[in-house]
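In what follows, a structure is listed as structure tokens, so that the remarks can point back to it.
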Amino acid sequence: MLSMSRRKVGGWFNRSLPFWLILPTILVLLVTQVYPGIYTIWLSLQARQPTGWTFVGGNNYKRLFDMGQFGESVGHTVVFLVGFVVVTLVVGFLFALLLNRKLYFSGLYITLLYIPWVIADIIAGLVWRLLVVPDYGLLSGITQNPLFFPPNGLSILTAVPPRPWLGAFPFPPAPAMIYLIMASAWRALPFITLLLLAAMQTVPSEIVESSRIDGARGWQVVRFILLPLMLPTLVVALFSLTLSGMNGVGMIFSLTNGGPGTSTEVLSYLLYSIGWTQREFGRAAALAMLIAVVNWLLILGTLRVSRVEERGA
Amino acid sequence: MHQFLIMRRHWERWLLNALLILICMVVLLPVATTLLISFKREEDVVRKPPVLFPCDTPTRAFDPTACRWSLEGYERVLAPKPTGGWPLGFVLTGNMFRVYIPNTLLYATTSSLLVVTLAGMAGYAFSRYRFRGHRLLMSSILAITGVPLLTNLLALYQMGVDLRKAQLPFYDDRLLIIIVYVGFYLPLSVWVAKGFFDAIPRDLEEAAFIDGCSPLDALGRIIIPLAAPGLMSIFLLTFVNVWNEFIAGYLLIAKNEFKPAMFGLYDFLSQNIINFQVIAAACVLIALPTVVLFLFTRRLFFQAMVEGAVKG
């Protein structure tokens, strides 16, 4: 509208101003996001030979699926994601419920609870590792108690995983996996709490009040008023947690390194270990493509939900 | 009855506060433990059973006058060497402060400045103009917002290898990593910036145009000053994100002298795995700048986060 009325005034430069303003952003995104994306597709169809790259078609994918490590890692990823997403959403929702009252110190609580988000994932991993160092860690009294975890004398991060109930699927998870889930949830909680709190505050208080007058008690208000009204935000939170859980790798580096054995080796860590430890870029690119497909499904889902929300509002 | 309700609300409020204080303490326990370990002596770090405060004496469990605090961990990280000269009488010889933290500071500052500039320009254009492809471009940028760095790393690594082979005179890995960080944190920032510009009334510019301002003048004299807090919050968010990023800095930079602080910490971990007070001190030193920055500017942080979160 504005540009229409101004069109006569400016010269050629001013008329094409939006183009020049957006151009640098587009160039940077082409170089850092679009081109590498296409490059990865190409890499996933190649294998490195002494003479250079040669085309091998779907062979990388086939070899990836044939690896025992891959199937195992999918299992670990599913366990990790379910645990991480459920713990973070439930605890985040409870925190948001508590913070959704007008308290004198609300701002202080939110600030304090937000600190874990500002701490880098690799530092967060170390911080949690220091808690369970064998014998000397603050929590080692609990984590080395043979009542809770099968004893092998050292630490929760080296305790042997229990026998899986369902064949190869790694459930119940290894103690190290449970610990990784807790540490990851700890770091993701602030953002999710704030997101849910913001959504909770947009629920009109008249609706909550009138439902109370109609006789709804505590949890009924949550179940029948808050949850349905916050559903789009909850779905967005779910997708964004799955996305970050699927692609986060820093904490694994400093907390477990994929171990003990392979019990915390999720797909993101497997990508690193195939690509940079085994130096198999073709196969790693095939895995990257699979992760990218999941990422894109999650992103499109998020876009769809937020669009529905916008139209509804 | 009324009296009773007020009493009940009072009681509830008190309970809620107590609960929230407890939650804050539990949530911050890991951080507090690390902070305490970083100030302990080696013999207090390796104690069975572990103690939270190194303040016990043979006769008393806690005696605040007998605390054995020490800076041993920090000394090992910083490795100060006395020079007797200007300006402090010593120099820090530890790699962490000589190499890695300056690198991180360079990457975080440069990429945040670039992100703010580019996001400000693009956000303004998206907010104020309608042009062909407007919707398509915006949706593409919104879609890219969610794309994580991980899956692009292999290709970016290969690009880095090719660029190094080409031996361009102006190129080193610092250029690559800065562009990667800019490209990675730009999409969200464009959206946040657009949101901030949308909140500035158009009448202000209309008035400026009538007074004879060109669009670029209006941007520089009216819009940018009004949008400054928003742009500042984008700067801070990007700064903290780049400061905290590990995997790209670790993999995409070949030379150790260009690697960032998070790599320094990882490297440090492999050398000092048994000296917990040293590791804790390194953690505290690297996390401190971002935590302090956050505590002083939290309002701006939350602004950008909420603006970004609403967009997904």
Side-chain angles (χ1 to χ4, degrees), chain A residues 2-3 6 10 14 17-18 21-22 24-25 28-29 31-33 36-37 39-40 43 98 101 103 109 111-113 115 118-120 122-123 126-128 130-131 133 135-138 140-141 194-195 198 236 243 247 249-250 253-254 268 275-276 281 284-285 288 291-292 295 299 302-303 306, chain B residues 16-17 19-20 24 27-28 30-31 33-34 37 45-46 48-50 118 121-122 124-125 128-129 131 142-144 146-148 150-152 154-156 179-180 182-184 186 190 202 209 214-215 240 244 246-247 251 262 265-266 276 279-280 283 286-287 290-291 294 298 305-306 309 312:
Chain A
L2 191 67
S3 60
R6 286 301 108 198
N14 281 344
L17 185 63
L21 289 176
I22 295 171
T25 297
V28 169
L29 293 182
V31 172
T32 57
Q33 304 252 19
Y39 199 160
T40 311
L43 268 178
L98 289 178
R101 309 282 191 85
L103 289 176
Y109 298 138
T111 306
L112 287 179
L113 288 176
I115 288 177
V118 193
I119 293 173
I122 187 157
I123 294 183
L126 280 177
V127 162
W128 279 73
L130 287 173
L131 284 177
V133 167
D135 295 337
Y136 311 134
L138 194 65
S140 60
L194 196 72
L195 184 64
V236 168
L243 199 65
N247 294 275
V249 77
F253 269 94
S254 58
S268 54
W276 280 274
F281 261 50
I291 298 178
N295 289 344
I299 290 166
T302 313
L303 288 181
S306 37
Chain B
L16 197 62
N17 273 312
L19 192 61
L20 279 165
C24 286
V27 165
L28 292 180
V31 180
T33 317
T34 306
I37 290 177
V45 174
V46 289
K48 277 205 281 190
L118 297 188
M121 286 159 60
Y124 178 74
R128 288 300 193 258
Y129 295 90
F131 45 87
L142 183 57
I144 289 181
V147 176
L150 182 80
T151 50
N152 279 345
L154 292 152
L156 290 169
I179 291 180
V180 168
V182 171
F184 186 61
L186 190 53
V190 170
R202 279 156 199 254
F209 288 141
S214 76
V240 168
N244 286 347
F246 165 66
I247 185 95
L251 293 175
M262 291 303 153
L265 186 66
Y266 184 64
F276 308 126
I279 292 174
C283 284
I286 298 178
T290 51
V291 174
F294 165 73
R298 58 190 180 282
M305 307 235 32
V306 169

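Order of the sequence lines sets the chain letters (A, B, ...), proteins ahead of strands, with each chain counted from 1.
Expressed to the nearest 0.5 Å, how far CG of B:Leu156 lies from OG1 of B:Thr151 amounts to 9.5 Å. One finds the CG atom of B:Leu142 at 9.5 Å from the CD1 atom of A:Ile299 (value rounded to the nearest 0.5 Å). Going from atom CD1 of A:Ile123 over to atom CZ of B:Phe246 covers 11.5 Å, rounded to the nearest 0.5 Å. Once rounded to the nearest 0.5 Å, the distance linking CZ of B:Arg298 with OG1 of A:Thr111 reads 4.5 Å. In this structure, A:Ile22 CD1 and A:Leu17 CG are separated by 9.5 Å, a value rounded to the nearest 0.5 Å. Atom CD1 of A:Ile119 is separated from atom CG of A:Leu126 by 11.5 Å, given to the nearest 0.5 angstrom.
Of the listed residues (B:Pro148, B:Cys283, B:Pro49, B:Ala125), the one with the most heavy-atom contacts under 4.5 Å to chain A is B:Pro148. If you tally non-hydrogen atom pairs under 4.5 Å between each of B:Leu19, B:Leu16, B:Ile144, B:Ile286 and chain A, the highest count goes to B:Leu16. When each of B:Thr33, B:Thr34, B:Leu118, B:Val46 is checked for heavy-atom pairs under 4.5 Å with chain A, B:Val46 comes out on top. When each of A:Leu131, A:Leu98, A:Leu43 is scored by its heavy-atom pairs under 4.5 Å with chain B, the top score falls to A:Leu98. Contact count against chain A (heavy-atom pairs under 4.5 Å) is highest for B:Leu154 among B:Leu154, B:Leu186, B:Val45. Most heavy-atom pairs under 4.5 Å with chain A: of the set B:Val240, B:Val291, B:Ile247, this distinction falls to B:Ile247. Options A:Trp128, A:Trp276, A:Phe253 differ in how many heavy-atom pairs under 4.5 Å they form with chain B, and the most are formed by A:Trp276. Per-residue counts of heavy-atom pairs under 4.5 Å with chain B were compared for A:Asn295, A:Thr32, A:Val118; the largest is that of A:Val118. Counting heavy-atom pairs closer than 4.5 Å to chain B, the top residue among A:Gly275, A:Ala198, A:Ala284 is A:Ala284.
Only the side chain of B:Val190 comes within contact range of chain A, judged by heavy atoms closer than 4.5 Å. Only the side chain of A:Val249 has a heavy atom closer than 4.5 Å to any heavy atom of chain B. Both the backbone and the side chain of A:Ile291 have a heavy atom closer than 4.5 Å to some heavy atom of chain B. Using a 4.5 Å cut-off between heavy atoms, B:Thr290 contacts chain A through both its backbone and its side chain.
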Next item on the list: Verify side-chain hydrogen bond (donor to acceptor under 3.5 Å, both in side chains) between B:Asn17 and A:Tyr109, making sure each step is shown before the conclusion.
Entry: CA-CA 9 Å; B:Asn17 273 312; A:Tyr109 298 138; 2.8 Å; yes
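In plain terms, the two heavy atoms of A:Ala285 and A:Thr40 that are nearest each other are CB-O, 3.8 Å. Residues A:Leu130 and B:Ile37 approach most closely at CB-CD1, 4.2 Å, considering heavy atoms.
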